[in-house]
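As structure tokens, the structure follows; a few thoughts come after it.
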Amino acid sequence: MKGKTVLVIGATSSIARALAHQMAQQGAALHLAARDGLEVERVAKDIAIRYQAPISWSSFEALDYDTHAELLQKALDYLGRLDGVVVSLGELGDQQKAQVNFDHTQNIINSNYTGVASILTHVANYLEQQGQGFMIGISSVAGDRGRQSNYVYGSAKGALSLFLQGLRNRLTKSGVHVMTVNPGFVDTKMTFGKSGMFLVASPQQVAAAVMIALQKKKNIVYIPWFWFWIMLIIRSIPEQLFKHLKL
Ligand SMILES: NC(=O)c1ccc[n+]([C@@H]2O[C@H](COP(=O)([O-])OP(=O)(O)OC[C@H]3O[C@@H](n4cnc5c(N)ncnc54)[C@H](OP(=O)(O)O)[C@@H]3O)[C@@H](O)[C@H]2O)c1
């Protein structure tokens with residue numbers, strides 16, 4: 001990470017925050033972007049002081065697609081060049097509400113998928129032209145199979161995983177590494193107070209595993225690792241049986 005320049009989007013999210021700390025500690029210069037302008041400034045100043053790292057920040061709203069090119073330009077203005085991007089944002093939403101309110105469904109889909117696809121498109125074109133770099137997208141194990149308890153969020157994450165897979169297939173020849181991160185349950189604002197959580201990881205654990213996976217140039221990583229096996233089992237259940245399960 002020493003000397004690398006990274007744009008961290010969704011930087012007030014617990015996972016991105018933990019990643020930003022670890023990247024700065026390892027010598028990266030960061031541009032942090034998040035929709036809460038005051039909070040992202042606090043996060044940036046805290047990291048800058050702790051690690052004596054060059055950190056800049058700006059506001060970013062995933063649903064304001066027209067502003068996304070501008071965010072990339074701002075990051076480039078501050079950092080000089082860009083070696084990588086991390087996108088870690090979204091809304092879990094309320095599945096029950098989404099079933100009767102399409103505006104809510106749309107908000108979940110747009111914040112987890114459409115908005116992320118938009119900013120990733122700008123960064124992908126830049127990195128492709130540059131001929132090197134990395135892109136990290138935080139997706140979810142929820143995107144691996146549709147379940148009645150959260151299929152709206154899951155479908156957006158599934159779409160994001162496919163988008164990242166396509167980018168990887170497109171950009172490998174240009175020397176750009178695209179990594180899909182599928183965390184299981186993580187103890188963050190998103191899951192605070194939710195029932196039915198098990199094997200919960202901390203954002204710091206997730207960030208540490210992402211850093212190792214990035215170094216190893218992994219394509220798709222499940223965090224913690226055992227979620228790979230859990231999801232392999234879940235994906236292997238025949239649909240004929242799966243449709244009767246209460247999951
Ligand atoms: N926690 C888990 O168990 C878990 C599991 C698998 C995957 N993930 C994924 O991990 C990523 C990070 O989430 P987290 O767990 O760290 O939760 P979090 O702390 O709640 O972070 C979610 C972030 O998304 C931002 N956000 C939501 N809608 C946005 C929009 N329209 N424009 C810009 N920013 C927006 C939020 O901004 P505000 O701070 O302004 O609200 C917040 O910073 C997400 O992609 C999430 O889906 C989480």
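In each ligand, atom 1 is the first atom listed, and ligand 1 is the first ligand listed.
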Is the count of non-hydrogen atoms from other residues, nucleotides or ligands lying under 6.0 Å from [X] atom [atom1] greater than 12?
X	atom1	result
Gln129	CD	no
Phe192	CZ	no
Glu70	CD	no

Under a 4.0 angstrom heavy-atom cut-off, which atoms of ligand 1 come close to [X]?
X	result
Ile138	9 (C), 10 (O), 11 (C), 45 (O)
Leu63	31 (N)
Phe60	33 (C)
Lys157	44 (C), 45 (O), 46 (C), 47 (O)
Ser88	11 (C), 12 (C)
Lys189	19 (O), 20 (O), 38 (P), 39 (O), 41 (O)
Ser140	6 (C), 7 (C)
Thr191	1 (N), 2 (C), 3 (O)

Point to revise | is_close_aromatic(Trp227, Phe185), centroid dist under 6.0 Å | key: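 Ring centres of Phe185 and Trp227 closer than 6.0 Å.
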Protein heavy atom at shortest distance from [atom]:
atom	result
atom 23 (C) of ligand 1	Ser13 CB, 3.5 Å
atom 3 (O) of ligand 1	Val186 N, 2.7 Å
atom 19 (O) of ligand 1	Ser14 N, 3.1 Å
atom 20 (O) of ligand 1	Met190 N, 3.4 Å
atom 31 (N) of ligand 1	Glu61 OE2, 2.8 Å
atom 43 (O) of ligand 1	Thr12 OG1, 2.9 Å
atom 37 (O) of ligand 1	Arg35 NE, 3.3 Å
atom 25 (C) of ligand 1	Leu89 CB, 3.8 Å

Check your understanding: Of the options Arg35, Lys157, Lys189, which is the one that meets Glu91 in a salt bridge (charged side-chain N to carboxylate O under 4.0 Å, His left out)?
Key -> Arg35
Review point. In terms of the angle between their ring planes, are Tyr78 and His31 parallel, tilted or perpendicular, with boundaries placed at 30° and 60°?
Key: parallel
From [atom1] ([X]) to [atom2] ([Y]), nearest 0.5 Å:
X	Y	atom1	atom2	result
Leu82	Leu72	CG	CG	6.5 Å
Thr180	Lys218	OG1	NZ	13.5 Å
Leu7	Met135	CG	CE	10.0 Å

Review point. Can a salt bridge be assigned to the pair Lys173 and Glu128 using a cut-off of 4.0 Å between side-chain N and carboxylate O?
Key: no
Check your understanding: Are the charged groups of Arg50 and Asp46 less than 4.0 angstrom apart, N to O?
Key ->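 Yes, Arg50 and Asp46 are salt-bridged.
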Point to revise | Heavy-atom nearest option to atom 8 (N) of ligand 1, drawn from Phe185, Phe192, Tyr153, Trp227 | key: Tyr153
Review point. Relative to ligand 1, is Ser139 under 4.0 angstrom through side chain, backbone, both or neither, heavy atoms considered?
Key: backbone
Practice item. Specify side chain, backbone, both or neither for Thr188, according to which of its non-hydrogen atoms lie closer than 4.0 Å to ligand 1. Key: side chain
Should [X] and [Y] be regarded as members of a common hydrophobic cluster, given that ILVMFWY residues are connected when their side-chain heavy atoms come within less than 4.5 Å of each other, either directly or indirectly?
X	Y	answer
Ile15	Leu32	yes
Met211	Met179	yes
Ile55	Leu19	yes

Review point. Looking at ligand 1, does Gly184 have a heavy atom less than 4.0 Å from it?
Key: yes
With only distance considered, is [X] within less than 3.5 Å of ligand 1 through an N or O on each side?
X	result
Gly90	yes
Pro183	no
Ser111	no

